[in-house]
Visitor: 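Take this structure, written in structure tokens, and hold onto it; I'll ask about it next.
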Amino acid sequence: MSRIAPLSGFPELLPAQRAVEREVIASLSRTFELHGFANIETRVVEPIDRLAKGGEVDKEIYVLQRLAAEPDAKAELGMHFDLTVPFARYVLEHAGHLEFPFRRFQVQPAWRGERPQEGRFRQFTQADVDIVGRDELPFHHDIEVMSVMVDALSRLAIPRLSFQFNNRKLIQGFYRGLGIDDVTDAIRVIDKLDKLPADEVARMLVERVGTTPEQAQRCLELATIRVPDDSFVERVRALGVSDELLDQGLDELAAVVRGCRAVAGDRVDVEANLRIARGLDYYTGTVVEVFMAGYERLKSVGGGGRYDALASDGRTTYPGVGVSFGVSRTLIPLITDGVLSGSRPVPSAVLVALNTEDDRAVSTQVASALRSREIACEVAPSPAKFGKQIRFAERRGIPFVWFVQPDGSHQVKDIRSGEQVDADPRAWTPPEEDVRPTIISTATPSSTARDTEENQ
RNA sequence: GUGGGUAUAGCUCAGCUGGUAGAGCGCCGCCUUGUGGUGGCGGAUGUCGCGGGUUCGAGUCCCGUUACUCACCCCA
């Protein structure tokens, strides 16, 4: 038993696993940049009164304090529990130096003191993309930012994802048209649909929100609409509720679904799901939750939406729209299940063998020649028997071993096939797929939820 | 925060109604005096989570404690 015990909820990856995470983050970043989003990194801490706005997450905030602080001193700094709150502060603080609409992406850890579980950690990495405007932000940015995430995630070799969209205006307009007063509370109850049976939810609407049984029934009918295209518009209209805000919500949702379908490849589904609400009350239009096939138990692996007041300094309001992807939540279960793995735990593509300790300079020169052409390599640690040196490479997943012959010529051996050929350190190049550690994925584009479940 | 489970070698685990610590895999060496993987032979490794109690004797029983883990709650 080792003295060092793991800390629950603070996952650490082994080198090959970390290679997977790094490649995923690099891929996401490349796509975000392809769409013109700039990267920022915000500080880890925020003043606690800015983080704690009276929500449930308040007590989960990790506090940062000097060890030498006065015993009765009240902590002033807390670690951020998402990337949206720090971003809102960043926008206000640097508004004078930013160009609006401001498009940024951010990949950083966040901290939350919840009980850890599968896909749920106390320290976890998130990838956020947002667009924020000054005073106003045209609706087409909703389509844009959602499309960016659809594009980014569709490039990952992970199980099939489903983007499920809804629109707060649609819900609010519908409820208002029905004559329901407390829209927020009604939404919160409808959100329980995936846990409670429909009649139970209907009863709660009547008892807790004060709707009539007829109103509750219409709410349920709306919430059960789920289609992969804009045909939901007709189905909602068929429910016979009319409201100006409802019409606007229908138009927006239809546009988002159409726009995202256009960029979704064969790895990503796009749907309108009128039960999606999101618990947070600052969303004002588009809302989205992302689910992964075979991993429905993780709940959403991403989510976001439109907020008309991301930030405000009292004079200027900054509306925003964005979506966030749970990097740790998604990747760690996939790595644990063996769906994703790294091809090797070291970057080296070549191990340069060492004949004798006196020959180290010769081997180092070979390594330099390879490195000058961007080939990652390392020199063997000791002039052990070649069998040992090959085994050293094998253990680390290094695919090639380089030998300097007694006559000064060179040979390189692919230790997987055993094939050994003459080679020139100034010209030889490994096959493209061996240059860097890569992600090995058993998830296929055609895999469906059922396939993945059966494989578990 | 509430409730359950678990804690023994690097890893996965066995260890009966209490009798002095085990397997597989991995690791190291040799067979194999300069090209690995298969095979054979040999070898090393444990505060049995921690503290207390019962007992002639505790990995095993009792109490406490800590950590991990699963479920609920909630979220990425």
Side-chain angles (χ1 to χ4, degrees), chain A residues 1-11 14 28 55-61 80-85 106-129 149 153 161 188 191-192 194-196 276-281 287-292 295 297-305 322-334 336 351-357 359 380 382-406 411-421:
Chain A
M1 180 76 186
S2 69
R3 276 267 148 84
I4 306 294
L7 248 188
S8 178
F10 293 88
L14 293 171
L28 293 174
E56 278 288 315
V57 287
D58 285 12
K59 31 181 200 268
E60 315 292 4
I61 294 173
H80 59 241
F81 52 81
D82 68 11
L83 301 184
T84 305
V85 174
Q106 207 171 333
V107 185
Q108 278 182 247
W111 291 267
R112 218 174 270 194
E114 290 177 310
R115 273 268 194 275
Q117 256 173 67
E118 185 191 22
R120 178 165 141 204
F121 311 99
R122 291 180 160 180
Q123 175 179 312
F124 55 94
T125 298
Q126 258 181 286
D128 281 36
V129 262
M149 191 59 99
L153 296 185
L161 294 178
R188 198 164 295 145
D191 210 30
K192 306 276 181 203
D194 52 345
K195 283 169 201 155
L196 300 173
I276 298 294
R278 311 264 310 148
L280 305 167
D281 53 11
V287 287
V288 64
E289 291 200 0
V290 186
F291 299 91
M292 183 161 62
Y295 288 83
R297 61 182 186 274
L298 297 178
K299 305 297 175 191
S300 66
V301 297
V323 56
S324 121
F325 173 66
V327 175
S328 304
R329 160 165 286 193
T330 306
L331 258 36
I332 292 177
L334 290 176
T336 302
L351 176 77
V352 183
L354 191 57
N355 295 331
T356 72
E357 192 54 46
D359 292 319
S382 69
K385 288 192 221 174
F386 288 148
K388 287 262 193 67
Q389 298 195 42
I390 290 171
R391 196 168 64 179
F392 178 94
E394 187 191 19
R395 295 282 156 80
R396 287 162 179 75
I398 301 172
F400 295 95
V401 177
W402 192 282
F403 295 102
V404 180
Q405 306 295 95
Q411 290 195 332
V412 66
K413 179 190 191 76
D414 182 334
I415 64 173
R416 295 160 300 191
S417 64
E419 186 188 8
Q420 185 166 333
V421 298

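Only a predicted model underlies this, so the values are computations on that prediction, with no experimental measurement involved. Chain identifiers are assigned alphabetically (A, B, ...) following the order of the sequence lines, protein sequences preceding nucleic acid strands; residue numbering begins at 1 within each chain. Values below: every heavy atom of this structure, side chains too, minus hydrogens, waters and symmetry copies.
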Visitor: In this structure, how many angstroms lie between the P atom of B/rG36 and the CD1 atom of A/Ile415, rounded?
Guide: 12 Å
Visitor: Is any side-chain nitrogen or oxygen of A/Arg120 closer than 4.0 Å to OP1 or OP2 of B/rC70?
Guide: no
Visitor: Tell me which nucleotide, if any, is Watson-Crick or G-U wobble paired with B/rA71 when both distances must be under 3.5 Å.
Guide: B/rU2
Visitor: Is a donor-acceptor contact shorter than 3.5 angstrom present between the side chain of A/Gln117 and the base of B/rU69?
Guide: no
Visitor: Looking at A/Thr125, I'd like to know whether one of its side-chain N or O atoms comes within less than 4.0 Å of OP1 or OP2 on B/rA76.
Guide: no
Visitor: Supply the atom-to-atom distance A/Arg120 CZ to A/Lys299 NZ, rounded to the nearest 0.5 angstrom.
Guide: 11.0 Å
Visitor: Would you classify A/Thr356 as touching base, sugar-phosphate or nothing, given that sugar-phosphate means primed atoms plus P, OP1 and OP2, and contacts are heavy atoms under 4.0 Å?
Guide: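 Here A/Thr356 touches the bases of the nucleic acid.
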Visitor: Decide whether a cation-pi geometry holds between A/Arg396 and A/Phe392; the criteria are a distance under 6.0 Å from NZ or CZ to the six-membered ring centre and an angle within 45° of the ring axis.
Guide: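 Geometry flag: set, cation within 6.0 Å and 45°.
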Visitor: Mind checking A/Lys413 for me? I need base, sugar-phosphate or nothing, with any heavy atom below 4.0 Å counting as a touch.
Guide: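 Result for A/Lys413 = base.
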Visitor: With a non-hydrogen cut-off below 4.0 angstrom, is A/Ile332 in contact with a base, only sugar-phosphate, or nothing?
Guide: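 A/Ile332: no heavy atom of the nucleic acid under 4.0 Å.
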Visitor: From B/rA76, B/rG36, B/rC27, pick the nucleotide closest to the side chain of A/Glu114?
Guide: B/rA76
Visitor: What's the closest nucleotide to the side chain of A/Leu7 if the choices are B/rC72, B/rC68, B/rC74?
Guide: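 Comparing B/rC72, B/rC68, B/rC74 against the side chain of A/Leu7, the answer is B/rC68.
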Visitor: Once hydrogens and angles are ignored, does a donor-acceptor distance under 3.5 Å link the base of B/rC70 to the side chain of A/Arg115?
Guide: no
Visitor: Assign A/Arg416 to base, sugar-phosphate, or nothing according to its heavy-atom contacts below 4.0 angstrom with the strands shown.
Guide: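 Here A/Arg416 touches the bases of the nucleic acid.
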Visitor: Can you tell me if the side-chain N/O atoms of A/Arg391 get under 4.0 Å from OP1 or OP2 in B/rU38?
Guide: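 False: A/Arg391 side-chain N/O out of range (4.0 Å or more) of B/rU38 OP1/OP2.
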Visitor: Classify A/Ala384 by what it touches in the nucleic acid, base, sugar-phosphate, or nothing, heavy-atom distance under 4.0 Å.
Guide: base
Visitor: Under 4.0 Å from OP1 or OP2 of B/rC73: is there any side-chain N or O of A/Lys299 that close?
Guide: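 Answer is no, no contact under 4.0 Å.
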Visitor: With under 30° as parallel and over 60° as perpendicular, where do the rings of A/Phe386 and A/Phe403 fit, or are they tilted in between?
Guide: perpendicular
Visitor: Reckon A/Lys385 has a side-chain N or O less than 4.0 Å from the OP1 or OP2 of B/rU33?
Guide: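 So the side-chain polar atoms of A/Lys385 do come within 4.0 Å of the phosphate oxygens OP1 or OP2 of B/rU33, strictly under.
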Visitor: Cation-pi check for A/Phe400 against A/Arg416: NZ or CZ below 6.0 Å from the six-membered ring centre and within 45 degrees of the axis, yes or no?
Guide: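 Relative to the ring axis of A/Phe400, which defines the angle, A/Arg416 lies inside both limits.
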Visitor: State whether the side chain of A/Arg122 and the backbone N or O of A/Pro116 hold a donor-acceptor pair below 3.5 Å, judged by distance alone.
Guide: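 Not confirmed, A/Arg122 side chain does not pair with A/Pro116 backbone.
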Visitor: Does the side chain of A/Gln389 get closer than 4.0 angstrom to OP1 or OP2 of B/rG36 through an N or O atom?
Guide: no
